[in-house]
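Structure first, then comments.
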Amino acid sequence: MINKLSGMTTNELEDILDEAEAQIAQIRNELQGRREADQHEAIDALEFPATRTAVDWSQVKDFFQQVLEDLRQRRNP
Amino acid sequence: MAHLSELDVPRRSDSRAPQWLGVLLLIYVLISAVSVIGTGFKVATGGQAQELFGFATNPYVGLVIGIVATALIQSSSTVTSLIVGMVAGGLPVAIAVPMIMGSNVGTTLTNTLVSLGHVRSKDEFRRAFAAATVHDFFNLLAIVIFLPLEIMFGLLGRTASAVTGLFVSDANLSMSDLNFMRTLTGPLVGVLEGTASVLPGIFAGVAMIVAGLVLIFLSITYIGKLLKVLMVGKAKEIMHRAIGKGPLTGIFSGALVTFVVQSSSTTTSLMVPLAGTGTFSLRQIYPFMLGANIGTTLTALLAATAVGGAMAVPAMQIALVHMLFNVFAVLVIFGLPFLRNLPLMGANLLAALASEKTIYAAAWILSVFLLLPLLLIAVTTIF
């Protein structure tokens, strides 16, 4: 690659660089567009909780049970 | 098709009229309830609120009251409206300021608990827990900065007092708009106070406080429920518009969404799953959380408009303290680059540890919302 590059003129190198930079910018734009599309989709799918708070107490209970399980496993591996 | 959509508009708004009427009615109940608490507090304390709350002159005790009360009720709006009512009933603003600060921390428990639901997937839990605790870290840092400034210089109390002086006159005891609110709430307040007055002395005051608290809690709960139905489209529209924009738009939309659904817990809890799935980065979620802090302060301001007479000024002052605290915190912590990243760093580090060992997450929750408050009281009582 280095040998190939050393055989090129300065103008040729600048053209390659410009083209690469333009492609990178295009890829970045495409990625940004996809991320933003995903974000719009996620907001559309968002469900506002019908209850006063969004806390699911069964999940909180499951979490603390998992903490106790993890602690037991560490004591008796 | 055009004809059908034209027909749809009035039909949709017609069907929502009763719900909007419900919101207005509940706001009426909310501001009346604040007034009832004020009277109840005055009656129950016999005008000796300062002496009765002598134990809370220690600002750390006030802070802990705010943290624990909000964590238990899971509604900072309810707690701050209650505090406004207590100030209207004679609780000194200086004692109430740390309580208001504490309610800011207490409210973050909700989204932290929501993040625990993501524990089944390690990466998802790391992202969700970081999104939740960045709010914890920010609010704790705000207290570390502003509580000493309040204790030493009365920064928030004095600024709020100066702002209040601009539009609530001390001389004629209230401005015309506030008098209008008091006149408007007069009938309901009169009925509630009259009913409670059947009880002897202090019991009448306690009954008014309990009735006021229950009404505040119920009205805020149902305002939230109705607004979620009525404003879900608007809230999503605001969030859509913030995508791809900078952090200032994030703060603004966080405040706006919180204002339209009247619940910071709802808006911050909605952000947690969005971060958990990786759809939004922590840096994108962070400004939105800060906006939620500001948006939630409007409820207490609304509640304060019901207070008339000599106590209109301190009631509005404490409501403004809540707003100024959150606005100043955003200006200072988010405005200064070296402080801005501290909550992000703290949240990322804690979430990385918690995703490896869940005990770190449990320890954080128990420490911030239980052990730290108890420790603060113990240390400040002993020394």
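Not measured: the values here are computed from a predicted model. Throughout, a chain's letter reflects where its sequence line sits, starting with A, and its residues are numbered from 1.
- Under the 3.5 Å distance criterion, the side-chain polar atoms of B:T249 are left unmatched by any main-chain donor or acceptor of B:K245.
- At most 12 non-hydrogen atoms from other residues, nucleotides or ligands lie less than 6.0 angstrom from CD of A:E41.
- Within the 4.5 angstrom heavy-atom criterion, no atom of B:Y222 approaches chain A.
- Checked against a 6.0 Å centroid threshold, the rings of B:W364 and B:F137 count as neighbours.
- Heavy atoms of A:D38 lying under 4.5 Å from chain B belong to its backbone as well as its side chain.
- In the model, B:T110 has no side-chain atom that pairs as donor or acceptor with a side-chain atom of B:S269 under 3.5 Å.
- Under a cut-off of 6.0 angstrom, the local environment of CD in A:E47 is sparse, with at most 12 non-hydrogen atoms contributed by other residues, nucleotides or ligands.
- In this structure, the portions of B:L270 lying under 4.5 Å from any heavy atom of chain A include both its backbone and its side chain.
- The most heavy-atom pairs under 4.5 Å with chain A, out of B:T279, B:N111, B:T277, come from B:T279.
- Between chain B and the options A:H40, A:Q32, A:R35, A:Q66, the largest number of non-hydrogen pairs under 4.5 Å is found for A:H40.
- Only the side chain of B:V261 comes within contact range of chain A, judged by heavy atoms closer than 4.5 Å.
- No more than 12 heavy atoms of other residues, nucleotides or ligands shown are found within 6.0 angstrom of CZ on B:F252.
- Only the side chain of A:L71 has a heavy atom closer than 4.5 Å to any heavy atom of chain B.
- Listed options A:L68, A:D62, A:L46, A:V60 were ranked by heavy-atom pairs under 4.5 angstrom with chain B; first place goes to A:L46.
- Ranked by heavy-atom pairs under 4.5 Å with chain B, the list A:Q39, A:E36, A:Q59 is led by A:Q39.
- Put simply, the side chain of B:K225 never gets that close to the backbone of B:T221: no donor and acceptor are under 3.5 Å apart.
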